Amino acid sequence: MDALLPAIKPGLVHSPASTFRDHAFLFFGSGRPVNNSNLIRIPKIMKVKAVAHKQSSTASSAPSIDFSDPDWKSKYQQDFEARFNIPHITDVLPDAVSYPSTFCLKMRTPLSPDFAERYPSDEEWHGYINNRDRVLLKVIHYSSPTSAGAECIDPDCTWVEQWVHRAGPREKIYFKPEEVKAAIVTCGGLCPGLNDVIRQIVITLEIYGVKKIVGIPFGYRGFSDESLAEMPLSRKVVQNVHLSGGSLLGVSRGGPSVSEIVDSLEERGINMLFVLGGNGTHAGANAIHEECNKRQLKVAIVGVPKTIDNDILFMDKTFGFDTAVEEAQRAINSAYIEAHSAYHGIGIVKLMGRNSGFIAMQASLASGQIDICLIPEVPFNLHGPHGVLSHLKYLLETKGSAVVCVAEGAGQDFLEKINATDASGNIILGDIGVHIQQETKKYFKGIGFPADVKYIDPTYMIRACRANASDGILCTVLGQNAVHGAFAGYSGITVGICNTHYVYFPIPEVIAQSKVVDPNSRMWHRCLTSTGQPDFV
Ligand SMILES: Nc1ncnc2c1ncn2[C@@H]1O[C@H](COP(=O)(O)OP(=O)(O)OP(=O)(O)O)[C@@H](O)[C@H]1O
Ligand SMILES: O=P(O)(O)OC[C@H]1O[C@](O)(CO)[C@@H](O)[C@@H]1O
Ligand SMILES: [Mg+2]
């Protein structure tokens, strides 16, 4: 162990929970920023917007783990269990009554005479999830902090099991279907699969026996804008909505305050709210959940993470991401063909990804046509002997053409700050794609080296399409599980896929930071292997 120490750069790392529960942990590993972990070093590039600064944080005064304490591991695990505990309506309403579930897996049809009264409660086989079922959050046991991508809690990289709650239907439900008014709202930007999730939520609610289901139009705005009427939803209404992209309900950024939203929930008699959105939307959902608790309302608030950026912590992926990556292939292939067919052709493609380079990285990997992939997490120079431009010259000299894929959040330091935010408080970014295009043209003109530069920005095309099959399945499972979570009485939770299993997370844990690409991960290394690009610093 001692021999390893010089290679280890421990940093004080705040876990996502530290934002909420005054904890911090030492991180041992390669010393590079890590992500997708319960141990997070906050990278410099992180643009933490309203999500984080609207939450209270006392993390800076947090204690760290004392590894000389022989019980540190069990204390860590207890803390973890507490952090990932999922809030339940009985936490604030201890007298809330439960009922046998009306979700019956053996029911042939909701109208079948055999099962008109649902399954008898003494039925042995039921297919329900036990509340104590758990899923392992981390499945790799790194034997050393120097293992690629290692995420270690202590200097010995001790194996610490971290369990999260398994999603699915429970035997006991806390809402009588006939007393439920469920609402669905879609917020933030578009994402392939929104309609698939809406559809599955409606279908599953009906299977439980819910009759009152409505859509709130245009995101949170729909709660306050009186000109926007609720949209009644049923299996019939949503039957084919997944065949097109976008959101049946519409989306928006910004909107009313949390207390206005909860006033509106009360006025409308909504006691189940399904919130589809990204980090910002989930921050809102959690605040709505807390406000409902404060008012002692029996309301279940359940999120479904939506983002093509794939920037939500702890999840294998978010719905829409796969489709966006797939759609990006068209743009990359066009850039490749243009570049390849031109004399000294250079194709540049900009892809979405405000804080995270997942789309750019995966699209580059998938296409096999990218020579240079630039993401927000990995600093680079454009100019200078090790810069992107001189590598482009080398590529033109050796291969005759080159293709660059750049994430929208990359290289923001090169651009003048716009100092503006959108309606939700997200920082408006400068256009790195146009900047690289201009600098590339200038550079080759300056050195008198012919180069034919073509720029493609498929921005909205990669998210305004319908979900592919893989995302369609993910949306189906997430949508169904969202309803199971609400009926089971959980609130302030979100659903996710974790090591291929489906789980519930408490919302604050997944939005504490944006998930980012770990420059020390195997996946980024694979991307570098595939492109063959050098370091640009
Ligand atoms: N910290 C917050 N507290 C309460 N509401 C918030 C917060 N941050 C954002 N919201 C609200 O959530 C909604 C969506 O936020 P935002 O526009 O940031 O999209 P998002 O959910 O992060 O999705 P995307 O990935 O498309 O950006 C907006 O209506 C916004 O007002
Ligand atoms: O133009 P809009 O709708 O604000 O959305 C743009 C943003 O949406 C996202 O796709 C998802 O958050 C970001 O990558 C991008 O910056
Ligand atoms: Mg966001």
Side-chain angles (χ1 to χ4, degrees), residues 19 46-57 185-194 216-225 246-247 250-262 275-291 301 303-313 318-321 323-325 327-328 350-360 363 375-376 406-410 412 418 420-433 457-465 494 507-508 510-516:
T19 316
M46 192 73 76
K47 315 276 189 309
V48 184
K49 50 151 195 129
V51 177
H53 61 67
K54 284 188 191 168
Q55 293 158 344
S56 65
S57 170
V185 65
T186 55
C187 313
L190 284 183
C191 180
L194 280 168
I216 304 296
F218 299 105
Y220 288 138
R221 171 191 295 265
F223 281 111
S224 60
D225 188 332
S247 166
V251 291
S252 72
R253 299 195 188 271
S257 69
V258 167
S259 77
E260 280 176 284
I261 294 172
V262 179
V275 182
L276 283 51
N279 278 301
T281 306
H282 274 75
N286 198 56
I288 294 168
H289 155 73
E290 283 174 356
E291 181 63 22
I301 310 289
V304 184
K306 160 241 70 137
T307 160
I308 59 165
D309 292 359
N310 197 31
D311 60 356
I312 308 277
L313 289 170
T318 47
F319 77 80
F321 172 66
T323 307
V325 168
E327 203 59 24
K350 185 184 78 172
L351 296 175
M352 276 194 180
R354 194 183 272 146
N355 297 324
S356 315
F358 288 104
I359 300 176
I375 59 171
V406 58
E408 68 170 327
Q412 288 296 307
I418 297 174
T421 54
D422 68 15
S424 296
N426 300 299
I427 292 165
I428 295 179
L429 300 177
D431 195 330
I432 186 64
D457 178 354
T459 298
Y460 295 105
M461 294 171 72
I462 69 168
R463 73 175 202 191
C465 43
T494 195
I507 291 175
V510 303
I511 57 162
Q513 300 294 336
S514 295
K515 183 174 80 171
V516 293

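Indexing begins at 1, ligand by ligand and atom by atom, following the structure's order. None of the values given here were measured: they were computed from a predicted structure. Residue indices begin at 1 and follow the sequence shown.
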Atoms in ligand 1 with a heavy atom of [X] nearer than 4.0 Å:
X    : value
G280 : 6 (C), 7 (C), 8 (N), 9 (C), 10 (N), 11 (C), 12 (O), 15 (O), 18 (O), 20 (P), 21 (O), 22 (O)
Y220 : 11 (C), 12 (O), 13 (C), 29 (O)
R354 : 27 (O)
N426 : 16 (P), 17 (O), 18 (O)
G254 : 28 (C), 29 (O), 30 (C), 31 (O)
G188 : 14 (C), 17 (O), 19 (O), 23 (O), 26 (O)
N279 : 21 (O), 22 (O)
G278 : 20 (P), 21 (O), 22 (O), 23 (O)

| With the threshold set at 4.0 Å, does a side-chain nitrogen-carboxylate oxygen contact exist between K350 and D431? |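 So K350 pairs with D431 through a salt bridge.
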With a 3.5 Å distance limit and no angle check, can you tell me whether [X] reaches the backbone of [Y] through a side-chain donor-acceptor pair?
X    : Y    : answer
K306 : T318 : no
T421 : N426 : no
S252 : F218 : yes
E408 : L351 : no
T459 : M352 : no
Q412 : G430 : yes

| said: My understanding is that we take every heavy atom of each candidate and find the minimum distance to atom 14 (C) of ligand 1. Doing that for V258, T281, V275, which one comes out nearest? | reply: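 That would be T281.
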| field | The one among R253, R463, R221 that brings a heavy atom closest to atom 27 (O) of ligand 1 | value |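 Residue with the shortest heavy-atom distance to the ligand atom: R253.
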Quick one: closest heavy-atom pair of [X] and [Y], and the distance?
X    : Y    : result
V275 : Y220 : CG1-OH, 3.3 Å
D309 : S356 : O-CB, 4.2 Å
L194 : G246 : CB-O, 3.6 Å
I432 : A407 : CG2-O, 3.5 Å

| Whether I308 lies under 4.0 Å from ligand 2, heavy atom |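 Contact present.
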| query | Quick one: does G278 get a heavy atom under 4.0 Å from ligand 2? | reply |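 Per 4.0 Å heavy-atom rule, G278 does not contact ligand 2.
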Students should be able to answer this: which protein heavy-atom is nearest to [atom], and at what distance?
atom                    : value
atom 1 (O) of ligand 2  : Y460 OH, 2.4 Å
atom 7 (C) of ligand 2  : R354 NH2, 3.4 Å
atom 11 (C) of ligand 2 : D309 OD2, 3.5 Å
atom 16 (O) of ligand 2 : E408 OE2, 2.5 Å
atom 8 (O) of ligand 2  : R463 NH1, 3.0 Å
atom 10 (O) of ligand 2 : M352 SD, 2.7 Å
atom 4 (O) of ligand 2  : R253 NE, 3.0 Å

| request: Check the surroundings of atom CZ in R221: do more than 12 heavy atoms from other residues, nucleotides or ligands lie under 6.0 Å from it? | output: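 It does not: R221 CZ has 12 such atoms or fewer within range.
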| message | Polar contacts were defined as any N/O atom of the residue lying under 3.5 Å from an N/O atom of the ligand; does this apply to S424 and ligand 1? | response |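 Min N/O separation from ligand 1 is below 3.5 Å for S424.
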| said: Using a 3.5 Å cut-off on N or O atoms only, is K306 in polar contact with ligand 1? | reply: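 Such a contact does occur with ligand 1.
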| field | ligand 2 atoms in contact with G353 (distance to a heavy atom under 4.0 Å) | value |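 So the atoms of ligand 2 that pass are 14 (O).
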